[in-house]
Amino acid sequence: MPRVRFAPSPTGYLHIGSARTFIFNWLYARHNDGTLILRIDDTDVERNTQQSLDSIFEGLKWLDLGWDEFYRQSERLDLHRAMARTVLDRGLAYRDFSLAGSDEDTMDRADRGLSRDESDRRAEAGEPFVLRFRVDRDPPRDVKFRDAVYGEQSKSTADIEDFALLRSNGLPTYHMASCADDVDLRITQVIRGQDHLTNTFKHVLIFEALGAAPPEFAHLPLLIAPDGAKLSKRKHGPVVSVTTYRDAGFLPHAFVNFVCLLGWSPKDDREQMTRQELVEAFTFDGINRSNATINFTEQDPFDPKAVWLNGEAIRQSGIEELARQLVPLARAAGLDVDYERMLRVAPLIRERMKLLRDVATVADFFFVEKLLSYDPAELIPQKGDRPMALAVLTRARDVLGAAEFTHDSLDAALRAAAQELKLKTGQMFQPVRVAVCGRKNAPPLFETLEVLGRETCLERIGEAIEMLA
RNA sequence: GUCCCCAUCGUCUAGCCCGGCCUAGGACACCACCCUUUCACGGUGAGAACGGGGGUUCGAAUCCCCCUGGGGACGCCA
């Protein structure tokens, strides 16, 4: 049974690249009936924050995929130290007491040749040290592994420096903790970003030193920003945060769908896929080797394809479900909404939204007492003038005062009115639409009038007439 | 500086491993037209790419080499 893990470090919010790593791990686990482990890599006490841990959970929960087991590295430090000790005892690591560091030749540290006796003595005396892996370069040999995505990989030990296993404060480094836990948790596949590809040679060395078979590795092409650099929290800001997508009104699945298409393909031209279809189609063979650019700008933080996918997902969602999701977004935008009313509005705006937050700009007039002020010139129809607009609105007021407020009778009544006034239907409808919606672009007129109700419509048309008079 | 990885439309990608079916396919975006009471949805269509140079071969987007370009890693961060 495959066992994979997603191992974020709580040093910032969950960004889209991490989210993709999580999703690919999830997909692999589900496709192969395996186990997905969430492991918090929090060995760097200085940089960890509760806030970012919360934000990671928030992001992962929103994705709504779940995981099977949970661990925190900070609760497993004894294991890491014990394994580091094993490496030391096998002579494959040494204590480096020269804490200056920077000028030091990273290949051949001065303390590399210290005798074990002296090393032990100084350690017992309480002298601080860094435990380093003793990379065997005499003679150099090639460290090899086969990556499931990038193929055979090889690197000479001559090009690998003596990296740290334990810090002078006694805490394990990422390399040590990660490998120790991968062994202990019996991880079978390590699926992570390609930025770890060169680290992997060090990890292979650690697995060897521990006498453990290394897991299979699958490195993912990086997600890069339009400026060409690896996506980063520091450089690109909140536009790369998963919560930014959530707050804008992405549907979790649309987001997942989009992210899956970055660096992976089902190879058969499918793009909109259900969760089940993704699980069934996901294999390492479909993963690309080249980095994927995610398109965003300061003005428009979301990739157009993500937005399109989301619009499609919105159109495919049920009215009840959509209305339920729209209510909080509308409230956040300051609109006075309730579920019942949203249920009537949702069908009118479903295909006019790409993000859930669009509800605020597309449906505001359904929920406000008083329309936002608009330019009275908007009331004047194509190839028409002020008197025409006035005539239309006056007639419309009479008609709507009498008509039954259902789609069909409104349709019939207003069309008849247009004919009487010898106007094109468009010339008849536009002033009415602007009067009741406060703008030219809006959902279909009769449905809109129906939902708005007679009282509101007459009131707004009256106001429009006053504006023109 | 050293090492590693990558290279098809603006972007995401199919094709590459197993050369010919590729006058390079799909999607998003953009543009045009159709539908239409506006907007949107939907439909139809157009433009748009194999980074360059050498090989190998009857034949190369596909195989090899070089160049160029891009990215990543080299921390007592992960």
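In what follows, chains carry the letters A, B, and so on, assigned in the order in which the sequence lines appear, proteins first and then strands, with residues in each chain numbered from 1.
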Q) Reckon A/H219 touches a base, only the sugar-phosphate, or nothing at all at heavy-atom distances under 4.0 Å? A) nothing

**Q.** Other residues, nucleotides, ligands: >12 heavy atoms within 6.0 Å of A/Q419 CD
**A.** no

Q. When all nucleic acid strands are considered with a 4.0 Å heavy-atom cut-off, which category describes A/E312: base, sugar-phosphate, or nothing?
A. sugar-phosphate

Q.
Given the structure, check if the side chain of A/N199 and the base of B/rA78 hold any donor-acceptor pair shorter than 3.5 Å.
A. yes

(Q) Students often get this wrong, so: under 4.0 angstrom with heavy atoms, is A/A442 touching a base, only sugar-phosphate, or nothing? (A) base

Q. Relative to the ring of A/F22, is the ring of A/W67 parallel (under 30°), tilted (30 to 60°) or perpendicular (over 60°)?
A. perpendicular

(Q) Suppose we call a contact any N or O donor and acceptor under 3.5 Å apart; does that hold for the side chain of A/N295 and the base of B/rG10? (A) no

Q: Mark yes or no for a side-chain to base donor-acceptor pair under 3.5 Å between A/K305 and B/rC12, with no hydrogen or angle criteria applied.
A: yes

Q) So what does A/N288 hit on the nucleic acid, given a heavy-atom distance under 4.0 Å: a base, only sugar-phosphate, or nothing? A) sugar-phosphate

Q.
Distance criterion of 3.5 Å, no angle test: do you see the side chain of A/S290 paired donor-to-acceptor with the base of B/rC6?
A. no

(Q) Taking any heavy-atom pair under 4.0 Å as a contact, classify A/K267: base, sugar-phosphate, or nothing. (A) sugar-phosphate

**Q.** A/R85 and A/D78 ion-paired at < 4.0 Å
**A.** no

Q.
What's the closest nucleotide to the side chain of A/K230 if the choices are B/rG72, B/rC77, B/rC5?
A. B/rG72

Q. So what does A/P443 hit on the nucleic acid, given a heavy-atom distance under 4.0 Å: a base, only sugar-phosphate, or nothing?
A. base

Q) Which sits closer to the 5' end of RNA chain B, A/A229 or A/Y150, going by the nucleotide each is nearest to? A) A/Y150

Q) Side-chain donor-acceptor pair under 3.5 Å between A/S74 and A/D42, yes or no? A) yes

Q: Answer with base, sugar-phosphate or nothing: what part of the nucleic acid does A/R47 contact at a heavy-atom distance below 4.0 Å?
A: base

Q: Using only heavy-atom distances, determine whether the side chains of A/R192 and A/T200 contain a donor-acceptor pair under 3.5 Å.
A: yes

Q. Taking atom types as they are modelled, is there a donor-acceptor pair under 3.5 Å from the base of B/rG26 to the side chain of A/E271?
A. yes

(Q) Distance criterion of 3.5 Å, no angle test: do you see the side chain of A/R352 paired donor-to-acceptor with the base of B/rC39? (A) yes

Q. Taking the C1' atom of each, how far is B/rG15 from B/rC50, in whole Å?
A. 10 Å

Q: Would you classify A/Q153 as touching base, sugar-phosphate or nothing, given that sugar-phosphate means primed atoms plus P, OP1 and OP2, and contacts are heavy atoms under 4.0 Å?
A: sugar-phosphate

Q.
Just to be sure I understand the rule, does A/P221 reach a base, reach only the sugar-phosphate, or reach nothing, if contact means heavy atoms closer than 4.0 Å?
A. nothing

Q | Integer angstrom distance from the C1' of B/rC6 to that of B/rG51 | A | 13 Å

Q | Rounded interatomic separation in angstrom, taking CZ from A/R289 and P from B/rA7 | A | 7 Å

